[in-house]
Amino acid sequence: MDRLIRKFRLLLLAWLHRSRSGPKSFVRRFPYRDIKMATDNFQRIIYRNSHAAAYMARFGDGELVLVKKVKAFNQEKDVFYREVQLLRRLHHRHLLALRGFTTGHKRLLVFDNIENGSLKEHLNDPMKTPLNWKTRLQIAVGVAAALEYLLLFSNPPIYHVSVTSSSIMLDENFTAKLSDVGLFSSVGSCVTTPHNSCSEDRKSQECSNIIFQLGVLILELVTGQSSDEGDSDIVEWIQESCFRSSIEKMIDPDLGDNFDYRELKRLLIVARLCIKTKDKPTFSVPQILRYIQKKVDFPCQ
């Protein structure tokens, strides 16, 4: 009976996730020359990692979109089309929606609007308007909600997710959108399809890594410091036994005094638990999401 209730609950939650995500969008094929022109010959780099590169593209109507190139696509054509099919089925308000693709000289993916650029820009670029405390909380909750959807409600579950300030995009309303999601892991070549599933150990490893990244992201939101370039100072700080005594020194100066100190401390506790999870998984993404929502008084996404 308990199993039946749990199964019904998961089905109901999955339906709610789909209903909140809006209608499915049409995926179109873009001419390669149009993408090349819109990205200024692929000069407008947003981020780059071991498996992919993302570029900002501006079309004639002024709209900004993200164009993604994945290294594996150059070797395996069938992988590219599996990726397109996978991404077009994902619908969540905190995932960057797939708009189209191109199969010309390069196989590229085109995603929806990124009107306010990346989170990293707003945390690190002095020319950008600083993010207020409420927006930062919304980003933390939104990213956790997207991760819950990918791990629990996507079929198949998506274990390759890069959660960094440079790969989180902000739309015109500063809603956070995960942009680096797909078949291939940045630490290997595990393809999450029904016919080629990961081992349980690999899934556990990927989940632990995702939770660790979420913890680091929360630290960036609180401190304004970036960890993308291998800077582990904020990670080392949160692991110290006496980190509470130096919290005030680590808060992002851009926040001034316009934040709730109790909420901030609770977020740091979450970040600390997430970072500990890398070595020994203790909490799941849904547990972390519910904790944040409860402690900072934010509604379900």
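Side-chain atoms are counted along with the backbone in the values below, which use heavy atoms only and exclude waters and symmetry mates. Note that the structure is a prediction, hence the values are computed from the model and not measured.
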Asker: Listed by chain and number, what are the salt bridge (charged side-chain N to carboxylate O under 4.0 Å, His left out) partners of K265, not counting sequence neighbours?
Answerer: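 For K265 there are no salt bridge (charged side-chain N to carboxylate O under 4.0 Å, His left out) partners, ignoring immediate neighbours.
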Asker: Got a sec, which pairs hit salt bridge (charged side-chain N to carboxylate O under 4.0 Å, His left out) with one end in residues 155-164, sequence neighbours left out?
Answerer: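 Those involving residues 155-164 do not exist here.
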Asker: Taking only residues two or more places apart in sequence, or in another chain, which ones meet L273 in a side chain to side chain contact (heavy atoms under 4.5 Å, CB included)?
Answerer: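 For L273, the residues satisfying side chain to side chain contact (heavy atoms under 4.5 Å, CB included) (neighbours in sequence not counted) are I269, F283.
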Asker: What pairs of residues pass the salt bridge (charged side-chain N to carboxylate O under 4.0 Å, His left out) test when at least one of them lies in residues 54-63, not counting sequence neighbours?
Answerer: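 Every pair satisfying salt bridge (charged side-chain N to carboxylate O under 4.0 Å, His left out) with a residue in residues 54-63: E63-R99.
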Asker: Taking salt bridge (charged side-chain N to carboxylate O under 4.0 Å, His left out) as the cut-off, I'd like each qualifying pair that reaches into residues 33-51, sequence neighbours left out, listed once.
Answerer: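 Sorted result for residues 33-51: empty, none.
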Asker: Suppose the criterion is side chain to side chain donor-acceptor pair (under 3.5 Å): which pairs have a residue in residues 248-258, not counting sequence neighbours?
Answerer: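 Qualifying pairs, neighbours excluded: R136-D252.
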Asker: Would you please name every residue forming a salt bridge (charged side-chain N to carboxylate O under 4.0 Å, His left out) with E240, sequence neighbours left out?
Answerer: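 Counting only residues at least two positions away or on another chain, E240 forms no salt bridge (charged side-chain N to carboxylate O under 4.0 Å, His left out).
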Asker: Hey, could you give me each pair passing ring pair (Phe, Tyr, Trp, His ring centres under 6.0 Å) that has a residue in residues 257-280? Not counting sequence neighbours.
Answerer: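 Counting only pairs at least two positions apart or across chains, no ring pair (Phe, Tyr, Trp, His ring centres under 6.0 Å) contact touches residues 257-280.
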Asker: Could you list the donor-acceptor pairs under 3.5 angstrom formed by side chains in residues 170-181, with sequence neighbours left out?
Answerer:
residue	atom	partner	partner atom	Å
D171	OD1	N173	N	2.8
D171	OD1	F174	N	3.1
D171	OD1	T175	N	2.9
K177	NZ	R93	O	2.7
S179	OG	Y47	OH	3.1
S179	OG	S167	O	2.5
D180	OD1	H51	NE2	3.3
D180	OD1	K68	NZ	3.0
D180	OD2	N49	ND2	2.9

Asker: ring-ring contact (aromatic ring centres under 6.0 Å, His included) with F59: which residues, sequence neighbours excluded?
Answerer: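 ring-ring contact (aromatic ring centres under 6.0 Å, His included) list for F59, sorted by chain: F30.
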Asker: Other than M37, what residues sit in its cluster of Ile, Leu, Val, Met, Phe, Trp and Tyr side chains whose heavy atoms are under 4.5 Å apart, directly or through others?
Answerer: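 Traced through the cluster, M37 reaches no other member.
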Asker: By salt bridge (charged side-chain N to carboxylate O under 4.0 Å, His left out), which residues pair with R262, not counting sequence neighbours?
Answerer: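 Here the qualifying residues are D260.
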